[in-house]
Amino acid sequence: MPELPEVEVVRLGLSPFLAGARVGNVRVFHERAVRRNEGDFSGELKDVEILHVSRRGKYLWLVTNGDMAVVIHLGMSGQLRMRSAHDADLAQFAQHPHLRLRFTLTDSQGKATFLDFLDQRTFGGMHLSPLVSVEGEKIPQSILHIARDPLDPHFSFNPFAQKLHRKKTEIKRALLDQSLISGVGNIYADEALWRSRVHGNFKADQLSDVVVEQLVHNVKEVMHEALEQGGTSFDSLYVNVNGESGYFSRNLNVYGRESEPCDRCGFPIERLKFMNRSSFYCPLCQSLEQGIA
DNA sequence: TTTTGGTCCTGGATGC
DNA sequence: TGCATCCAGGACCAAA
């Protein structure tokens, strides 16, 4: 499931192919992939030039020469794959059951390339949004509500901590709230909470500054480590632009490890149902009494 | 205004 | 073997 490190791996993979590329046509195979658009998605992109690829949290966007952005969210199972006109399986790939959208492009060298969007569970998609200037940056209007992510050089601890201290909800839910801090999903929230010895059900407004600072540090740390290993892949649902998996799943301490011994204390990892999804934690290291220190 | 829980969606895994 | 059910979870929305 793509969270911030996986999306950043995709952005890094796309950038050299897409910078300076011109859109020929866009073929939509599944309407859900463009469901957030009101206008003609394909028509508005005809002959548009892509300048570069940006990211905030789990959102990617292609900046075009018309001060417009193609905003992309991978959802749970979205994949972006670059293909050249010489790929032997290009035609066969067009029959792929999960292919939702295909860009035909001419890259900066004048060569034909293809950008495919595959999405098994169709939670992902893309839409057009005008770019607006905020704090000296150009951001798609549709994602102005998305907070800066912890790897953003302009991410600032104090505004996040102040907003967090006003939240009367559980810390895990707050970490997943993209308007507070973006890019954190279920996997990295569980991992950062384990590293911080904080139970996900602990109330956000009762955490001390010291613990919040440690938590932010651990969110950054786990994301940097995942990024270095190409992201987390459990199955074929997350791959980079070349179709390769990441290796960080081998380093997870709690996520997906129910009943296995905690790497720190040996107590069996437990699983809780939380917000219609699973939370993994160590009941000994992450008791509800911890978090105030 | 804030919190909370339901819904969307597909396909693999599991149980009967 | 075949069918039904469960499960995964990010974003959004509506009810409380």
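These figures come from a predicted structure and were not determined experimentally. Numbered from 1 within each chain, the chains take letters A, B, ... in sequence-line order.
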Output the single nucleotide from [options] whose closest atom is nearest the side chain of [X].
X: A:Met76; options: C:dA11, B:dC8, C:dA8; value: C:dA8
X: A:Leu176; options: B:dC9, C:dG10, B:dG11; value: C:dG10
X: A:Glu3; options: B:dC8, C:dA8, C:dG10; value: C:dG10
X: A:Lys167; options: B:dT3, B:dG11, C:dA8; value: B:dT3
X: A:Thr169; options: B:dG11, B:dC9, B:dT3; value: B:dT3
X: A:Lys168; options: C:dA8, B:dG11, B:dT3; value: B:dT3
X: A:His73; options: C:dC12, C:dG10, C:dA8; value: C:dG10
X: A:Asn186; options: C:dG10, C:dC12, B:dT10; value: C:dG10

Can a side chain N or O of [X] be found less than 4.0 Å away from OP1 or OP2 on [N]?
X: A:His145; N: C:dC12; answer: yes
X: A:Arg166; N: B:dT2; answer: no
X: A:Gln178; N: C:dG10; answer: no
X: A:Thr122; N: B:dC8; answer: no
X: A:Lys203; N: B:dT3; answer: no
X: A:Arg36; N: C:dC12; answer: yes

Remember a base hit wins even if backbone is also touched, and classify A:Arg271 as base, sugar-phosphate or nothing at under 4.0 Å, heavy atoms. sugar-phosphate
Expressed as a whole number of angstroms, how long is the span from [X]:[atom1] to [N]:[atom2]?
X: A:Arg35; N: B:dT7; atom1: CZ; atom2: C1'; result: 12 Å
X: A:Asp177; N: B:dG5; atom1: CG; atom2: P; result: 15 Å
X: A:Arg121; N: B:dC8; atom1: CZ; atom2: C1'; result: 13 Å
X: A:Glu6; N: C:dA8; atom1: CD; atom2: P; result: 18 Å
X: A:Ile143; N: C:dA11; atom1: CD1; atom2: C1'; result: 13 Å
X: A:Leu99; N: B:dG11; atom1: CG; atom2: C1'; result: 17 Å
X: A:Met126; N: C:dA11; atom1: CE; atom2: P; result: 15 Å
X: A:His165; N: B:dT2; atom1: NE2; atom2: P; result: 17 Å

Report the C-alpha distance between A:Glu225 and A:Arg195 in whole Å, list the side-chain angles of each, state the deciding distance to 0.1 Å, and finish with yes or no for salt bridge (Lys or Arg N to Asp or Glu O under 4.0 Å). CA-CA 13 Å; A:Glu225 290 174 17; A:Arg195 290 184 185 209; 2.8 Å; yes
With a 6.0 Å cut-off on ring centres, are A:His199 and A:Tyr281 close enough? yes
With no hydrogens and no angle check, just 3.5 Å: does a side-chain donor-acceptor pair link A:His30 and A:Thr122?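 No pair is found: no donor N or O on one side chain lies under 3.5 Å from an acceptor on the other.
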Derivation of the salt bridge (Lys or Arg N to Asp or Glu O under 4.0 Å) call for A:Asp149 and A:Lys58: CA-CA 9 Å; A:Asp149 62 65; A:Lys58 301 170 199 169; over 6 Å; no
Specify the closest pair of heavy atoms between A:Met126 and A:Val70, including all atoms of both residues, with the distance to one decimal. SD-CG1, 4.2 Å
Test for a donor-acceptor pair under 3.5 Å between the base of B:dG5 and the side chain of A:Arg173, counting only N and O atoms. yes
May I ask you to verify whether the side chain of A:Arg277 and the base of C:dG10 hold a donor-acceptor pair under 3.5 Å? yes
Under the criterion salt bridge (Lys or Arg N to Asp or Glu O under 4.0 Å), which of A:Arg100, A:Arg27, A:Arg83, A:Arg81 is the partner of A:Asp116?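 Among A:Arg100, A:Arg27, A:Arg83, A:Arg81, the one that satisfies the salt bridge (Lys or Arg N to Asp or Glu O under 4.0 Å) with A:Asp116 is A:Arg83.
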